[in-house]
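A short write-up of the structure that comes next.
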Amino acid sequence: MKQPGQDQHDTTAAPGFDSSTPLAREISELTRRRQVIAAEKLPKPERTRVITVSNQKGGVGKTTTAVNLAAALARQGARVLVIDLDPQGNASTALGVQHRADTPSVYDVIINDVELASVVQSSPEFGSLFCVPATIHLAGAEIELVSLVAREQRLSRALNVHLAAMMDPYDYVFIDCPPSLGLLTINAFVAAREVLIPIQCEYYALEGLSQLLKNIELIEKHLNPELTVSTILLTMYDSRTNLANQVAQDVRDHFPNQVLSTLIPRSVRVSEAPSYGQSVISYDLNSAGSLSYLEAAAEIARRGAPQTGERQ
């Protein structure tokens with residue numbers, strides 16, 4: 001019996017392999033994609049790219065996207081930090097780091113002024129992948145932040161101090177937000193230079209997006225002039241349905257320069273991976289979902305961070 005993380009597909013063509021069947025064509029295409037990814041060396045950014053992954057609509061693959069993009073970049077040799085800012089702590093679970101109630105966490109950083117370096121944990125996924133976990137205490141942080149001085153800049157200041165003190169800083173920092181537009185999400189926007197928005201290829205995909213973009217614009221105007229929506233990633237794509245294709249086209253029409261060409265398909269392997277405390281990159285490297293996240297990560301790396309004030 002195969003264990004999680006082992007090769008789940010035999011992609012080696014046997015003698016007499018019939019490439020005319022749909023399954024054979026799919027296996028052949030997966031093999032081709034894997035070879036392209038293996039041969040590519042991703043460029044590293046000149047300075048740390050801080051990317052907030054946000055969408056106030058729940059169930060769009062936000063945490064899944066943050067975790068798997070981070071793991072994909074780390075697998076390619078980048079130094080990556082994931083900051084789990086969601087009280088549910090799902091990113092912490094997926095990266096295999098401790099986040100029990102008594103674990104030093106991002107809550108201690110933004111509420112108690114604890115240094116970020118003291119709560120960073122190394123993920124067992126890859127040697128260059130790190131995580132700042134979230135605990136249940138974060139659920140009350142929205143209320144506690146209200147009375148604090150510079151409440152919108154708490155995470156930004158802690159992260160800047162941490163990065164400035166590092167001899168070998170991270171190439172990427174991904175901040176996983178809760179599915180809301182409260183003070184935790186505002187802290188994430190102020191701390192970042194880029195926003196990545198995952199959009200589900202289903203009905204109501206664009207619902208609420210205009211409000212999110214309006215809030216990002218307000219943050220940019222009043223609190224963080226460097227902030228820009230650099231990336232939109234289409235998730236849970238099912239090529240068999242007309243609806244998914246129509247939603248994908250609508251999003252591309254609205255945001256032609258921000259949408260990645262890579263689509264993240266609906267995938268059982270992607271859904272299973274967190275239950276083993278893994279990203280899909282470690283759980284099943286050769287699955288369609290894993291390859292798609294590796295391709296999306298490569299696309300993000302190649303695009304690079306927009307310059308200050310630049311709009312795509």
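Quick caveat: nothing in here was measured; it's all calculated off a predicted structure.
You'll find the side chain of Leu233 stays beyond 4.5 Å of the side chain of Ile197, heavy atoms only. With contacts defined as side-chain heavy-atom distances shorter than 4.5 Å, the pair Asp171/Leu73 does not qualify. No side-chain heavy atom of Tyr107 sits under 4.5 Å from any side-chain heavy atom of Val114. Between Asn245 and Tyr237, some side-chain heavy-atom pair lies under the 4.5 Å cut-off. Counting heavy atoms from C-beta on, the side chains of Ile281 and Phe126 come closer than 4.5 Å. Side-chain contact check for Ile199 versus Cys201: every heavy-atom pair is 4.5 Å or farther apart. A 4.5 Å side-chain heavy-atom check between Ile110 and Leu184 finds at least one atom pair inside the cut-off. Residues Arg151 and Leu183 meet the side-chain proximity criterion, which asks for heavy atoms closer than 4.5 Å.
When atom types are taken as modelled, the side chain of Asn224 and the backbone of Phe189 share a donor-acceptor pair closer than 3.5 angstrom. A donor-acceptor contact shorter than 3.5 Å is absent between the side chain of Arg154 and the backbone of Leu145. Side-chain atoms of Ser180 do not come within 3.5 Å of backbone N or O of Gln56 as any donor-acceptor pair. Under a 3.5 Å cut-off, the side chain of Lys62 and the backbone N or O of Val53 do not form any donor-acceptor pair. Between the side chain of Asp108 and the main chain of Ser105, a donor-acceptor pair closer than 3.5 Å is present. Using modelled atom types, one side-chain atom of His137 and one backbone atom of Ala101 make a donor-acceptor pair closer than 3.5 Å. Although no hydrogens or angles enter the test, the distance criterion places no donor-acceptor pair under 3.5 Å between the side chain of Ser123 and the main chain of Phe130. At distances below 3.5 Å, at least one donor-acceptor pair connects side-chain atoms of Arg79 with backbone N or O atoms of Asp168. The backbone N or O of Arg269 lies less than 3.5 Å from a partner atom in the side chain of Ser267, making a donor-acceptor pair. A donor-acceptor pair is defined here as one N or O able to donate and one able to accept, closer than 3.5 Å; such a pair exists between the side chain of Thr48 and the backbone of Tyr170.
A distance of 3.0 Å separates NE2 of His99 from OG1 of Thr93, quoted to the nearest 0.5 Å. Leu116 CG to His162 NE2: the interatomic distance, rounded to the nearest 0.5 Å, is 5.0 Å. The OG1 atom of Thr235 sits 8.5 Å away from the CD atom of Glu202 when rounded to the nearest 0.5 Å. The CG atom of Leu85 sits 6.0 Å away from atom SG of Cys177, with the distance rounded to the nearest 0.5 Å. Note: Ile37 CD1 to Leu294 CG = 4.5 Å, rounded to the nearest 0.5 Å. Atoms CD and CG, on Glu220 and Asn215 in that order, are 12.5 Å from each other to the nearest 0.5 Å.
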Requested in this report: Mind running side chain to side chain donor-acceptor pair (under 3.5 Å) on Ser282 and Glu125 for me, showing each step along the way?
Outcome: CA-CA 7 Å; Ser282 294; Glu125 293 260 313; 2.9 Å; yes
Requested in this report: Would you please test Leu81 and Tyr172 for side-chain contact (heavy atoms from CB on, under 4.5 Å) and show each step?
Outcome: CA-CA 6 Å; Leu81 174 68; Tyr172 299 88; over 6 Å; no
**Report entry** Trace of the side-chain contact (heavy atoms from CB on, under 4.5 Å) decision for Arg266 with Gln200
**Finding:** CA-CA 10 Å; Arg266 281 199 171 277; Gln200 187 179 13; 3.7 Å; yes
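If you check the side chains of Thr63 and Asn90, you find no donor sitting under 3.5 Å from an acceptor. No hydrogens or angles considered: a donor-acceptor pair under 3.5 Å links the side chains of Glu299 and Thr262. If you check the side chains of Asp284 and Ser290, you find no donor sitting under 3.5 Å from an acceptor. Side-chain contact check for Glu194 and Thr52: no donor-acceptor pair (N or O, by modelled atom type) lies under 3.5 Å.
More than 12 heavy-atom neighbours from other residues, nucleotides or ligands sit within 6.0 angstrom of CD on Gln211. More than 12 heavy-atom neighbours from other residues, nucleotides or ligands sit within 6.0 angstrom of CG on Asp253. Shown here is Glu40, whose CD atom has more than 12 heavy atoms of other residues, nucleotides or ligands within 6.0 Å. No more than 12 heavy atoms of other residues, nucleotides or ligands lie within 6.0 Å of CZ in Arg75, so this atom counts as exposed by the packing criterion.
Between Tyr283 and Tyr276, the two ring planes are parallel [angle under 30°; tilted spans 30° to 60°].
Each of Ile186, Ile175, Val190 was scored for a side chain to side chain contact (heavy atoms under 4.5 Å, CB included) with Leu155, with one residue passing: Ile175.
Following chains of ILVMFWY side-chain contacts shorter than 4.5 Å, one cannot reach Ile143 starting from Val109, and the two form parts of different hydrophobic clusters. The hydrophobic clustering, which links ILVMFWY residues whose side-chain heavy atoms are closer than 4.5 Å, places Ile83 and Val119 together. When the side chains of ILVMFWY residues are joined at heavy-atom separations under 4.5 Å, either directly or via intervening members, Met236 and Leu234 end up in two distinct hydrophobic clusters. By the rule that hydrophobic residues join a cluster once side-chain heavy atoms approach within less than 4.5 Å of another member, Ile216 and Val259 end up as members of one cluster. In this structure, Leu42 is a member of the same hydrophobic cluster as Leu260, with clusters built from ILVMFWY side-chain heavy atoms closer than 4.5 Å.
Nearest heavy atom pair, residue Arg303 against residue Gln258, reads NH1-O, 3.2 Å. Heavy-atom minimum distance, Pro198 versus Asn55: O-ND2, 2.8 Å.
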